[in-house]
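Notes follow once the structure below has been shown.
Each chain gets a letter, A, B and so on, in the order the sequences are listed, and its residues count up from 1. Predicted, not measured: the structure shown is a model, and the values here were computed from it. Hydrogens, waters and symmetry mates are skipped; everything else that's a heavy atom, side chains included, is used.
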There are 2 protein chains.
Amino acid sequence: MEKQTITIYDVAREANVSMATVSRVVNGNPNVKPSTRKKVLEVIDRLDYRPNAVARGLASKKTTTVGVLIPDVTNVFFASLARGIDDIATMYKYNIILANSDQNENKEIQVLNTLLAKQVDGIIYMGNKITDELRAEFARSKTPVVLAGTVDPDQEVGSVNIDYIDATEKVIAKLIESDRKNIGFISSQIANPINGQYRLKGYKNALLSAGITYDESFVFESDGSVDAGESMAAQLLEKGIDSAYVTDDELAIGLLNGIINAGVNVPEDFEIISSNNSKITEMARPKLSSIMLPLYDIGAVAMRLLTKIMNKEEIDEKTITLPYKIVYRGTTTLEEE
Amino acid sequence: MEKQTITIYDVAREANVSMATVSRVVNGNPNVKPSTRKKVLEVIDRLDYRPNAVARGLASKKTTTVGVLIPDVTNVFFASLARGIDDIATMYKYNIILANSDQNENKEIQVLNTLLAKQVDGIIYMGNKITDELRAEFARSKTPVVLAGTVDPDQEVGSVNIDYIDATEKVIAKLIESDRKNIGFISSQIANPINGQYRLKGYKNALLSAGITYDESFVFESDGSVDAGESMAAQLLEKGIDSAYVTDDELAIGLLNGIINAGVNVPEDFEIISSNNSKITEMARPKLSSIMLPLYDIGAVAMRLLTKIMNKEEIDEKTITLPYKIVYRGTTTLEEE
DNA sequence: GTGAAAGCGCTAACAG
DNA sequence: CTGTTAGCGCTTTCAC
C-alpha cells in the first residue's frame with residue numbers, strides 16, 4: 001500500500017481530454033476552451049491531483065528552486081538576509097534550498113555541486129570571500145549567481161551591497177568630531193574584502209581627512225564572536241583606545257560588555273559604533289549605535305535581481321548599491337544626524 | 001548556446017558500456033568490475049559529468065531533500081533548531097528546503113503543498129500549534145513528518161522536545177526558594193500548547209507545592225518581542241510582581257531592560273528566568289538565567305528521527321524528550337545548581 | 001482548441 | 001558482472 005500517486009494521465013482519462021490539455025489548464029495556458037477548462041479543473045479537484053514538480057522539472061528544465069549558500073543561519077546578520085531572500089523567492093514562486101557553509105571553502109564547493117546537481121535555477125551566495133575556485137565553478141555552471149552582502153571585487157557576478165567605504169568613513173568622521181583621537185578598528189575576518197578592503201579604506205580615509213596618522217596597531221582582527229569582543233576590551237583600554245568602530249554586531253556587543261565590565265563609562269569614556277544594526281543592537285544596554293545596513297532589503301533585492309537574470313530580463317546594473325543610514329543610539333555621545 | 005548538459009548516455013557511449021553500468025558506478029553499486037569502474041570514472045571525470053538529481057528523483061521517487069517549515073529564520077530560537085537540522089541533513093546526504101511560515105495557517109498549508117509537490121522525502125515542522133487542517137494534510141500526504149520544538153498533544157506524529165512542565169516547575173520552585181512571592185508568568189502566544197498547557201502547568205504545579213495561590217492576573221501574554229517585554233515592565237512592577245518566568249529570550253531581554261529602566265535592581269529586587277538559552281541570553285546585562293533548551297540538539301535529533309522514518313527503520317519511540325539543564329546567571333540571586 | 005508522440009536523464013527490474 | 005528495456009510524470013512541438 002504505497003503512497004498512491006495520481007498523475008496527469010489519470011486526470012486526462014477521467015476528464016476525457018488529453019494529457020496536453022490537462023497540462024495546459026494546470027499551467028494557465030489560455031488556449032483552452034472555458035468549458036473544458038472547467039471540466040478538467042473539476043476532475044483535478046475531485047481526484048485531488050497535485051502536479052509532480054520533479055517530473056515537471058525534468059521536462060521543462062526548470063525547478064523553480066534556488067540554492068542559498070549561507071555561512072550560518074544562526075547568525076542574525078545572515079538570517080536577516082535569508083529572510084529577505086525567502087520572502088521575495090516566495091513571491092516569485094520559488095523555493096530556497098538553504099545550506100550552511102561555515103565559510104569553509106571545501107564545504108562551499110561541495111554544497112554548490114549538490115545544488116547544481118539538483119538543477120537549481122539560480123544561486124544566492126553569502127559569505128566572506130568568493131575564492132577563485134568558487135568563481136570558476138560559478139562560471140562553469142552557467143547557472144545565475146547573485147551575491148548578497150558579499151562583495152566581488154571583480155564584479156563578475158551580480159551582487160547587492162551598500163557603499164561600505166562611504167559608510168565607514170562617515171561614522172569614523174563622526175567619532176573624530178566627538179573628539180576621539182584613538183579610534184580602534186575592530187574587525188572579524190580581515191580576509192573578507194568588505195572588512196579588509198572597503199571598511200578599512202573608509203577608516204583610513206576619515207583619519208586622513210582629519211590629519212590623524214593611521215596606526216596599524218589600532219586594527220584588531222578576531223572571529224567576530226561575542227566572546228572575542230569581550231576579551232578584547234582590556235587590550236584596547238590598555239592601548240589608550242577611546243572609541244571603536246566594529247564590523248559585526250555580536251562582536252560589538254561583546255566589546256561593549258567588556259568595556260563596561262572594566263568600569264569604563266559608555267559612551268562618555270568610550271564610544272562604539274557597530275555595522276549591521278541587526279536586532280541585537282537594540283537588546284544591548286546602552287543600545288548600540290550602528291550603521292543601518294538594510295539587511296532584509298539586501299536579501300530581497302538580491303533575490304529580485306536573481307529572478308530577473310533567471311528570467312533573462314534586461315538588467316541595467318548587476319552590481320547594486322543600496323542606501324544606508326546611521327543610527328546614533330546609546331553608545332555614542334552624538335545624538336543628532 | 002544553451003547550458004549544454006552531458007548525460008549518463010554520453011558517458012556510457014564514451015566508455016563503451018551501458019547506461020546501467022554508469023549508473024552503477026555513480027551509485028556505488030559494488031557489482032562492477034574494478035577495471036570497468038575505473039574506465040567509467042575516468043570518462044566521468046574527463047567529460048565533467050554531473051548526475052542530474054531531478055531525473056534521478058523522478059526515476060527513483062526519492063529526492064533526498066526534506067522540507068522545513070520555520071516560523072521565522074530571523075528568530076534565533078528557530079534558527080538554532082534549523083542549524084541542527086541542516087547539519088544532520090547534510091550528514092545523511094539530504095538538503096533542506098527552508099520556508100518561512102510566519103505561523104500563519106494559510107501560508108503553512110500553502111507552503112506544505114508546494115513542498116509536497118516538490119516531492120520532498122520528509123518534513124520537519126516548527127511552529128506554534130499544529131492545527132487540524134495541517135494534521136489532516138500531514139496524514140493525507142503519507143510523507144513522514146517530525147515536529148521540532150513543537151508539541152503534538154495527540155502524539156500522532158514524531159516530535160522532539162524537552163519536558164516543559166518539569167523544567168518550568170523547577171525554575172519556579174527556585175524562585176520561590178529565593179523568597180519570591182509574586183511570580184509573573186510572561187508568555188508569548190498562549191495558544192501554543194507549550195506555553196498555554198505545559199509551561200503554565202509547571203508554573204501552577206510549583207505554586208501549588210509551595211502553597212501559593214495561583215493568580216491569573218500574574219499571567220501575561222504578548223507577541224514575544226523585545227518591545228513587548230520592555231513595555232510590559234511597568235505593569236508588572238505596578239502589580240507588585242517581584243520576579244518573572246519568561247517563555248522567550250527576546251521577550252525576556254525586553255523585560256529585563258524595561259525593569260532596569262524603571263530603576264529596579266536585577267536580580268536583587270526583581271529576578272528573571274528565561275526559557276531557551278539562545279545566544280542572546282549571554283549578550284544581556286546582567287546575563288539572563290535560563291532554562292537551557294538544547295536547541296541545536298532538538299533540531300539534530302528531529303532530523304535524525306526523520307531519516308530513520310524515511311528509511312523505514314524501526315523506531316522505538318517517536319515522541320522524544322531530551323534532557324535539559326538550567327543555568328543560573330545574573331538575573332537570579334541563586335548561583336549554584 | 002485539442003491530441004499524439006517524443007523525449008527530459010535516470011533507475012530498476014530482468015535477462016544473460 | 002553487464003546490457004536491455006521500460007518506465008517515472010510532465011512539457012512541448014507539431015499536426016489537425
Exercise. How many Å lie between CZ on A:Arg37 and P on C:dG1, as a whole number?
Worked result: 10 Å
Problem set entry | Close side-chain approach of A:Lys118 to A:Thr65, heavy-atom, < 4.5 Å | no
Exercise. Under 3.5 Å, is there a donor-acceptor pair linking the side chains of A:Asn113 and B:Arg50?
Worked result: yes
Seminar exercise, completed: A:Asn29 atom CG is separated from C:dG3 atom P, nearest whole Å, by 13 Å
Exercise. Do B:Thr7 and B:Val11 come within less than 4.5 Å of each other through their side chains, counting heavy atoms only?
Worked result: no
For this session: Before giving the answer on salt bridge (charged side-chain N to carboxylate O under 4.0 Å, His left out), spell out for B:Asp10 and B:Arg13 the whole-Å C-alpha distance, their side-chain angles and the decisive distance to 0.1 Å.
Result: CA-CA 5 Å; B:Asp10 300 314; B:Arg13 183 171 31 71; 2.8 Å; yes
Problem set entry | Side-chain donor-acceptor contact under 3.5 Å, A:Thr307 with A:Arg304 | yes
Exercise. What do you reckon, is CD of A:Glu105 surrounded by more than 12 foreign heavy atoms closer than 6.0 Å?
Worked result: no
For this session: Spell out protein contact along nucleotides 7-16 of chain C as letters: B when the base is contacted, S when just the sugar-phosphate is, - when no protein heavy atom is under 4.0 Å; keep the 5' to 3' order.
Result: BBBBBB----
Exercise. Whole-Å distance between D:dG9 P and B:Lys118 NZ?
Worked result: 18 Å
Exercise. Of all of residues 109-117 of chain A, which get a heavy atom below 4.0 angstrom from DNA chain D, listed by number?
Worked result: none
Exercise. Between A:Asn192 and A:Ser188, do the side chains contain an N or O donor and an N or O acceptor separated by less than 3.5 Å?
Worked result: no
Seminar exercise, completed: Rounded to whole Å, CG of A:Asn31 lies from P of D:dT11 at a distance of 15 Å
Problem set entry | Integer-rounded Å distance: D:dC10 P and B:Gln119 CD | 9 Å
For this session: Examine the side chains of B:Tyr296 and B:Asp87 and answer whether a donor and an acceptor come within less than 3.5 Å of each other.
Result: yes
Exercise. Does B:Thr21 make a side-chain N or O approach to OP1 or OP2 of D:dG3 shorter than 4.0 Å?
Worked result: yes
Exercise. Between the axis at one end of the helix from C:dG1-D:dC16 to C:dG16-D:dC1 and the axis at the other (five pairs apiece), what's the angle to 10 degrees?
Worked result: 30°
For this session: Considering only NZ, NE, NH1 and NH2 on the basic side and carboxylate oxygens on the acidic side, decide whether B:Asp102 and B:Lys107 come within less than 4.0 Å.
Result: yes
Exercise. Does B:Thr36 have a side-chain nitrogen or oxygen under 4.0 Å from the phosphate oxygens OP1 or OP2 of D:dT2?
Worked result: yes
Problem set entry | Non-hydrogen side-chain atoms of B:Thr150 and B:Tyr125 separated by less than 4.5 Å | yes
Exercise. Should B:Asp86 and A:Leu98 count as side-chain neighbours, where that means a heavy-atom distance under 4.5 Å?
Worked result: no
